[in-house]
Amino acid sequence: MATPLSPQSATPLSPLRTIAVVGLGTMGTGITEVLAKAGREVIGIDISEAQAARSLAALEASTARAVARGRLTEAERAGTLARVRTSGDLHAAADADLVIEVVPESYEIKQQIFRELDGIVRPDTILATGTNALSVTRLAADSARPERVLGLHFFNPAPAMKLVEVVSCVLTAPQAVAAVTDLAIELGKEPVAVGDRPGFVADGLLFGYLNQAAAMYEARYASREDIDAAMRLGCGLPMGPLALLDLIGIDTARTVLEAMYAESRDRLHAPAPILKQLSEAGLTGRKSGRGFYSYEAPGSATVVPDALTPAPGGALGTGREVRSVGVAGSGTMASGIAEVFAKAGYEVVLAARSEEKAQAAKARIGKSLARSVDKGRLTAEAAAQILDRVAPAGSYEAFADVDLAVEAVAEDLEVKRQLFQALDKVCKPGAVLATTTSSLPVVACARATSRPQDVIGMHFFNPAPAMKLVEVVRTVLTADDVHSTVREVCAKIKKHPVDCGDRAGFIVNALLFPYLNNAIKMVQEHYASLDDIDAAMRLGGGYPMGPFELLDVVGLDVSLAIEKVLHREFRDPGLAPAPLLEHLVAAGCLGRKTGRGFREYARR
């Protein structure tokens with residue numbers, strides 16, 4: 001007879017060979033498939049016979065596709081299917097070593113299941129909840145054996161997603177955590193250990209970001225297409241936030257956010273009103289055929305045009321002619337932008353505070369082009385022609401005849417204001433003046449000139465030659481033809497423009513940096529390790545980099561400056577920079593550029 005679990009007991013657990021999955025919806029079916037493929041005996045339990053039948057049919061179809069793609073043999077498929085049986089009665093879990101419930105996100109439903117299981121399963125059986133929003137502690141406290149209750153949060157689709165969050169609370173026995181962690185590894189998953197708080201790591205960070213995106217759209221700050229394109233192209237995300245909300249289900253997102261807000265009281269988690277409005281109207285996303293976008297049919301992934309879809313080519317007016325471009329600055333961003341324009345055939349004047357700095361910036365372009373030649377992306381002749389289009393200058397007086405002047409100097413408002421005063425005097429009437437600021441008010445640059453109607457924001461992303469996104473930032477004073485000009489130029493330099501207003505952070509930084517700040521708070525509060533948080537966001541959210549990897553690349557000083565700007569403009573306590581970030585910056589730990597940030601790096 002197995003020994004009952006207790007937090008103090010060191011008795012090893014029996015192997016988790018027989019596993020019951022309660023709730024055979026999409027997630028329960030996916031978990032069943034993962035377990036059965038890994039050789040576990042699985043008992044699928046659902047009160048609906050029809051749902052159990054649909055689950056088995058889905059499993060048969062999924063494994064058949066795997067055979068067709070060469071990922072399973074027919075014998076392996078037969079073995080997988082033979083290891084699964086279904087039932088409509090919880091008593092079928094009597095011999096299970098582990099029970100995983102994935103029923104709807106309701107305390108009442110989950111508590112009832114756990115209470116019934118207390119009287120059915122063995123004393124040593126582990127009970128796992130698949131919740132992503134409810135308190136594991138609260139569910140455990142209502143169980144007869146709270147020490148054996150924990151969270152086991154898979155991500156959808158379970159067969160494909162590598163991340164599994166293993167959630168323990170103050171009542172959980174360490175050996176229960178160890179047993180399910182070992183199981184997750186045997187299933188080919190990457191488990192991360194987290195504590196009990198709403199959303200855990202991945203959803204805790206993800207849903208705050210999704211909520212802010214919904215609020216941004218609701219405020220009509222930017223279109224749904226531009227918000228989604230900005231986050232895909234600016235951050236390398238697989239989906240934009242509004243498309244992702246439609247995939248998750250707007251009603252589901254609202255439920256998760258409400259649970260998070262009830263616990264945290266952080267305004268960033270207070271569901272945006274549009275989520276309630278769409279949910280109550282039945283516009284829950286893909287599953288209903290309409291949410292933020294409209295779909296071909298309920299359940300379809302194919303977006304179809306609706307009343308909000310932009311007209312092909314947009315409704316832009318005629319812009320001004322741009323033949324030559326001036327780029328002000330000598331740093332990486334300035335040389336990258338100059339390279340972009342030169343590649344597109346523009347004559348470029350690259351001006352800095354001295355001839356030496358301008359020559360150094362042009363040399364940096366030469367090295368970049370040489371790398372493209374080495375990689376076979378350019379011929380040596382084409383690279384030479386591009387470089388010949390760049391004329392270095394040690395004074396902004398060289399901008400006298402340019403049609404578009406783009407500044408890429410230090411992110412300091414006074415420095416930029418002084419530069420725009422100089423451009424106002426130097427540049428010819430009708431020239432468009434653009435700032436690449438990522439966080440400062442564009443209108444402040446415009447007001448430094450006698451022609452604020454000619455000033456606009458063109459926020460490129462680093463590295464400019466590779467990144468496709470440009471945030472086009474209109475002020476209340478920007479002329480229509482200036483906006484049209486910049487949109488046309490973006491098309492010619494093969495960049496994707498997104499329109500937004502003159503507000504701190506624009507689209508990308510306004511959504512990205514609160515997410516990064518919340519990740520820092522998780523580490524600061526010893527909730528999870530930075531390695532586990534990075535893994536959770538890469539594996540569970542599809543992010544190309546974890547938040548701490550990204551912070552160290554961006555620079556902690558740059559990140560702190562942007563956080564301060566966002567906090568100052570929006571006056572939301574939740575946007576206050578995490579003290580840990582401020583401490584690291586004060587200590588000179590700025591990320592990769594100093595060799596130490598959240599991690600240490602080898603000196604080159």
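Starting from 1, each residue takes its place in the sequence as its number.
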Using the ring pair (Phe, Tyr, Trp, His ring centres under 6.0 Å) rule, collect all pairs that involve residues 204-240, keeping only residues at least two apart or in two chains.
-> Tyr217-Phe292
Nearest heavy-atom neighbours spanning Ala342 and Val348 = N-CG2, 3.7 Å
Would you say the side chains of Tyr295 and Asp306 form a donor-acceptor pair under 3.5 Å?
-> no
Qualifying side chain to side chain donor-acceptor pair (under 3.5 Å) pairs, either residue in residues 502-514, two or more places apart | none
Between Asp531 and Arg599, is the closest basic N to carboxylate O distance under 4.0 Å?
-> yes
Salt bridge present between Asp552 and Lys593 (N-O < 4.0 angstrom) = no
Under 4.5 Å between any side-chain heavy atoms of Pro273 and Glu218, yes or no?
-> yes
Can you list every ring pair (Phe, Tyr, Trp, His ring centres under 6.0 Å) pair that touches residues 538-575, not counting sequence neighbours?
-> Tyr515-Tyr543, Phe548-Phe598
Show me, pair by pair, the donor-acceptor contacts under 3.5 angstrom made by side chains of residues 447-456, not counting sequence neighbours?
unit_1: Thr449; atom_1: OG1; unit_2: Ala446; atom_2: O; d: 2.7
unit_1: Thr449; atom_1: OG1; unit_2: Arg451; atom_2: N; d: 3.1
unit_1: Ser450; atom_1: OG; unit_2: Asp424; atom_2: OD1; d: 3.1
unit_1: Ser450; atom_1: OG; unit_2: Asp424; atom_2: OD2; d: 3.0
unit_1: Arg451; atom_1: NE; unit_2: Asp424; atom_2: OD1; d: 2.9
unit_1: Arg451; atom_1: NH1; unit_2: Lys428; atom_2: O; d: 2.8
unit_1: Arg451; atom_1: NH2; unit_2: Asp424; atom_2: O; d: 2.9
unit_1: Arg451; atom_1: NH2; unit_2: Cys427; atom_2: O; d: 2.7
unit_1: Asp454; atom_1: OD1; unit_2: Arg320; atom_2: NH1; d: 3.0
unit_1: Asp454; atom_1: OD1; unit_2: Arg320; atom_2: NH2; d: 2.9

Taking all non-hydrogen atoms of both residues into account, name the closest pair between Ile493 and Ala344 and its distance.
-> CG2-CB, 3.7 Å
List the atom of Phe461, the atom of Met333, and the distance in Å for their closest heavy-atom pair.
-> C-CE, 3.8 Å
Show me the donor-acceptor pairs, under 3.5 Å and distance only, between side chains in residues 391-398 and residues at least two apart or in other chains.
unit_1: Ser395; atom_1: OG; unit_2: Glu397; atom_2: N; d: 3.0

What side chain to side chain donor-acceptor pair (under 3.5 Å) pairs are there with at least one residue in residues 361-374, not counting sequence neighbours?
-> Ser335-Arg364, Glu339-Ser368
Does a side-chain heavy-atom distance below 4.5 Å link Lys343 with Phe341?
-> no
